[in-house]
Amino acid sequence: MQSSGLSSIWDQLQINDWLPSSFLVETTLLILLIYLITHYGLLFRETYTKSRKISERVGVDEKNRHWFFGHLKHITNNEEGLLKFVELAKAFPLMVSLWLGPALTTVQTYHPDSTTALLNSGAPKNDLGYRFIRTWIGDGLLTSKGKKWFRNRRLLTPAFHYKVLKPYTEVFNKNSLVMVNKLNKLCDQPVNIYTHVGLMTLDTMLQCAMTSKTNCQHVTDHPYLLAVKEISDLIIARVRQPLHFFDWMYNLSAAGKRNKEVTKILHEHTEKIISERKAVLAKTANIDPEPSDVEGFRKTEGKTLDFLDILLQCKDENGEGLSDIEIRDEVDTFLFAGHDTTSSGIAWAMFHLAKYPQFQTKCREELKEVLGNKDEIEWSDLPQLVYLTMFLKESMRLRPPVYAVGRYLEHPITIKDKNTKRDTVIPAGTNVSMHIFTLHRHPDFWDEPSKFDPERFTKENIAKRPAFAYVPFSAGSRNCIGQNFAMNEMKISLAHVIRNLRLYIDDETPVPKMQPRLILQSSTGIFVKIEKLERQ
Ligand code: HEM
């Protein structure tokens, strides 16, 4: 029988001679399997042994540790999960080791002694929480480390000089009044204030970072605004999907592809503003260099300095400034770090105002005394708002917008237990977190920790506590660079709300449940009811 054309070619090629024998294939696969099992087995044993040692030194809640899932079942992404940490602090007052699966641990610190050691060590951020925001904010101040962080922190410090911050009071006043006017129209019904506050703080951040002409509180479908909101949702969704921790898997997924598209919109928007501003600066440099209040920086087209002006003009000791990508990363970092945090702070404070009418009245009385009948809050009024500041601090004690921060130890740290006089060394290579939420409710430093009481923040009472017992803006060299900006913005917004509206809750108002997302939010929305006040 004559063979077909194809099979004769096949015969001629004698392809079977080229293929390895099944014996060879099976042996290779077996060797590969043995290699993988040995490699991962050894890695597992090494990680497990190290984790075991850390747990023995630091303390571990063995009763609730599953042999495979570790404590994962207990670290839930809700209010109960947060409060479990507070319970743990009763049994393990200094710190505790948590198992994230069968072999890996992380150490949680929530006592002033352990957090002081951690924050003073200068350890860089870990990869557990910060990796996913890098696609948007790149290697900005929040995520960078080592020499790069050190140089850029020095370069960016002038952006938070009081002479730069002072003119922002105008932006804070204007945007707060827009929000108050919107809320005025929503009287006597449960209102989810988080949405309204979020739009206001985003607008404020865009206007202070790059004098953007946005009007987010009314025009809510601006493509950039939508992209900022979408990227936050995408990042949170990624944190919740363990398979998406692997970059290659995430990049292949629909969410990963969308993340790329949205990031592109965000980057292009910032890059466009940067190049336009650069062009203006270059033009005015030769014609009319207009100095500003801040030495070494000049205004662009007569407007007040914004963060972008500082980023474009700052120079290190070698006369070198930031590259375009660095500027973009820093602008995006300010947006990310500066809008959701303040909206969480303001929204929870508004909830506390509604929940505790006696403190709301006290704040209102102080505002009347300090401001009289003037409409705007001025820079010089801010230090006089003593009670409002105490109220806000207490609000951020119980609902800290940033409820935890993470570090990776490149060098060992020693935690000294003053009670037992025992030193505990946490080895290099460990992931350690500071759980701010628990620190702020630690029973050794706060009487009746869950009671809301602004008097905890009188000068005398603050002096009785260790400095690191209250750190909503973290502490040490990597503390929040924007904390004065944030405090001013929050105080001005709350002052306008309190002067113009009475906030209250009744049986029909849904009770908000805390939810630890990237920032402390609420799984149910933050609802209050509003009554319009006539200002006397
Ligand atoms: C209530 C509002 C705010 C809170 C509670 C807050 C809290 C914090 C905390 C806890 C950290 C340390 C993060 C870590 O260690 O991973 C931090 C860092 C940072 N914050 Fe804020 N923040 C607020 C507002 C702002 C604002 C308005 C800006 C910018 C205008 C800002 C910019 C930054 C930056 C750039 C860092 C990184 C600093 C560095 O590592 O050198 N924050 N913030």
Side-chain angles (χ1 to χ4, degrees), residues 109 115 118-131 133-134 137-146 148-157 159-161 164-165 168 171-172 197-198 200-202 204-210 306-308 310-311 326 329-349 389 392-393 395-397 399-408 431-437 439-440 468 470-494 518-521:
T109 63
T115 51
L118 176 67
L119 295 177
N120 286 344
S121 73
K125 310 287 167 86
N126 66 26
D127 247 4
L128 292 177
Y130 299 87
R131 190 157 62 95
I133 44 177
R134 279 212 167 91
I137 67 172
D139 219 6
L141 211 53
L142 185 68
T143 41
S144 58
K145 61 177 189 171
K148 174 163 186 175
W149 168 79
F150 187 74
R151 170 182 180 259
N152 288 5
R153 176 92 188 198
R154 266 197 13 222
L155 286 179
L156 265 61
T157 298
F160 296 90
H161 190 284
V164 177
L165 299 187
Y168 292 158
V171 181
F172 300 157
V197 176
M200 174 188 69
T201 57
L202 180 58
T204 296
M205 209 55 237
L206 286 166
Q207 291 166 14
C208 296
M210 42 192 168
D306 61 19
F307 287 143
L308 182 54
I310 306 277
L311 295 171
E326 282 180 317
D329 286 350
E330 298 302 355
V331 170
D332 289 344
T333 296
F334 286 163
L335 275 177
F336 170 75
H339 95 271
D340 250 2
T341 45
T342 43
S343 61
S344 167
I346 296 167
W348 282 114
T389 309
L392 180 56
K393 285 185 175 172
S395 180
M396 286 200 293
R397 180 182 73 83
R399 304 282 191 280
V402 178
Y403 57 89
V405 302
R407 298 285 186 270
Y408 176 78
N431 283 309
V432 186
S433 291
M434 165 173 74
H435 206 259
I436 299 178
F437 183 87
L439 181 69
H440 286 182
F468 281 42
Y470 179 72
V471 287
F473 295 104
S474 187
S477 57
R478 298 225 49 174
N479 67 353
C480 175
I481 199 171
Q483 57 186 291
N484 291 332
F485 176 102
M487 283 304 283
N488 296 344
E489 180 186 4
M490 291 190 291
K491 281 198 244 177
I492 292 182
S493 309
L494 290 171
L518 290 176
I519 302 296
L520 187 70
Q521 297 188 346

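Scope of the values below: all heavy atoms of this structure, side chains included, with no hydrogens, waters or symmetry mates. Order of listing sets the numbers, starting from 1, for every ligand and every atom in it. The shown structure was predicted, so the numbers you read here are calculated from the model rather than taken from an experiment.
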Could you check whether any heavy atom of [X] sits closer than 4.0 Å to an atom of ligand 1, since that is the contact criterion I want to use?
X    : result
G345 : no
M434 : no
H339 : no
N479 : yes
M487 : no

Open item on the list: Using side-chain heavy atoms (C-beta onward) and a distance below 4.5 Å, is P401 in contact with L520?
Closed with: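 Of all side-chain heavy-atom pairs linking L520 with P401, none is under 4.5 Å.
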Open item on the list: Using side-chain heavy atoms (C-beta onward) and a distance below 4.5 Å, is D306 in contact with C208?
Closed with: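 Counting from C-beta outward, D306 and C208 never come under 4.5 Å.
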Given [options], which one has a non-hydrogen atom that is nearest to [atom]?
atom                    : options                : result
atom 28 (C) of ligand 1 : S474, G338, P401       : G338
atom 23 (C) of ligand 1 : T333, T143, T341       : T341
atom 32 (C) of ligand 1 : A486, A337, S477, P400 : A337

Look up atom [atom1] in [X] and atom [atom2] in [Y], then write down how far apart they are to the nearest 0.5 Å.
X    : Y    : atom1 : atom2 : answer
S474 : Q483 : OG    : CD    : 9.0 Å
I436 : Y470 : CD1   : OH    : 10.0 Å
N120 : S477 : CG    : OG    : 8.0 Å
K125 : W149 : NZ    : CH2   : 9.0 Å

Distance to 0.1 Å, residue and atom name: give those for the protein heavy atom nearest to [atom].
atom                    : value
atom 13 (C) of ligand 1 : V405 CG1, 3.7 Å
atom 6 (C) of ligand 1  : F473 CD2, 3.6 Å
atom 35 (C) of ligand 1 : I481 CG2, 3.6 Å
atom 5 (C) of ligand 1  : P472 O, 3.5 Å
atom 16 (O) of ligand 1 : Y130 OH, 2.5 Å
atom 36 (C) of ligand 1 : L142 CD1, 3.8 Å
atom 15 (O) of ligand 1 : R407 NH2, 2.9 Å
atom 22 (N) of ligand 1 : C480 SG, 3.1 Å

Task: Close aromatic pair by centroid cut-off 6.0 Å: F485 and Y168 - done: yes
Provide the number and element of each atom of ligand 1 under 4.0 Å from a heavy atom of [X].
X    : result
W149 : 39 (C), 40 (O), 41 (O)
M205 : 30 (C)
F485 : 27 (C)

TODO: With side-chain contact (heavy atoms from CB on, under 4.5 Å) as the test, would you mind laying out the steps for M205 and F307 before giving the verdict?
DONE: CA-CA 10 Å; M205 209 55 237; F307 287 143; 3.6 Å; yes
Task: Over all atoms of both residues, closest heavy-atom pair of M396 and H440 - done: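 Heavy atoms of M396 and H440 come nearest at O-ND1, 3.4 Å.
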- [ ] For E330 and N152, work out which heavy atoms get closest and say how close.
- [x] OE2-ND2, 3.5 Å
Task: Heteroatom distance test (T342, ligand 1): nitrogen or oxygen, under 3.5 angstrom - done: no
Task: Among L142, T333, L156, the one residue meeting side-chain contact (heavy atoms from CB on, under 4.5 Å) with I481 - done: L156
Could you see which bit of [X] sits under 4.0 Å from ligand 1, with heavy atoms only: side chain, backbone, both or neither?
X    : result
Q483 : neither
F160 : side chain
M490 : side chain

TODO: Measure up the H435 and Y403 rings against each other and bin them: parallel (under 30°), tilted (30 to 60°), perpendicular (over 60°).
DONE: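 Taking Y403 first and then H435, their aromatic rings stand perpendicular (interplane angle over 60°).
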- [ ] Report the C-alpha distance between V164 and I310 in whole Å, list the side-chain angles of each, state the deciding distance to 0.1 Å, and finish with yes or no for side-chain contact (heavy atoms from CB on, under 4.5 Å).
- [x] CA-CA 9 Å; V164 177; I310 306 277; 4.0 Å; yes
Open item on the list: For a side-chain contact (heavy atoms from CB on, under 4.5 Å) check, start with the C-alpha distance between R407 and N431, then their side-chain angles and the critical distance, and finish with the verdict.
Closed with: CA-CA 6 Å; R407 298 285 186 270; N431 283 309; over 6 Å; no
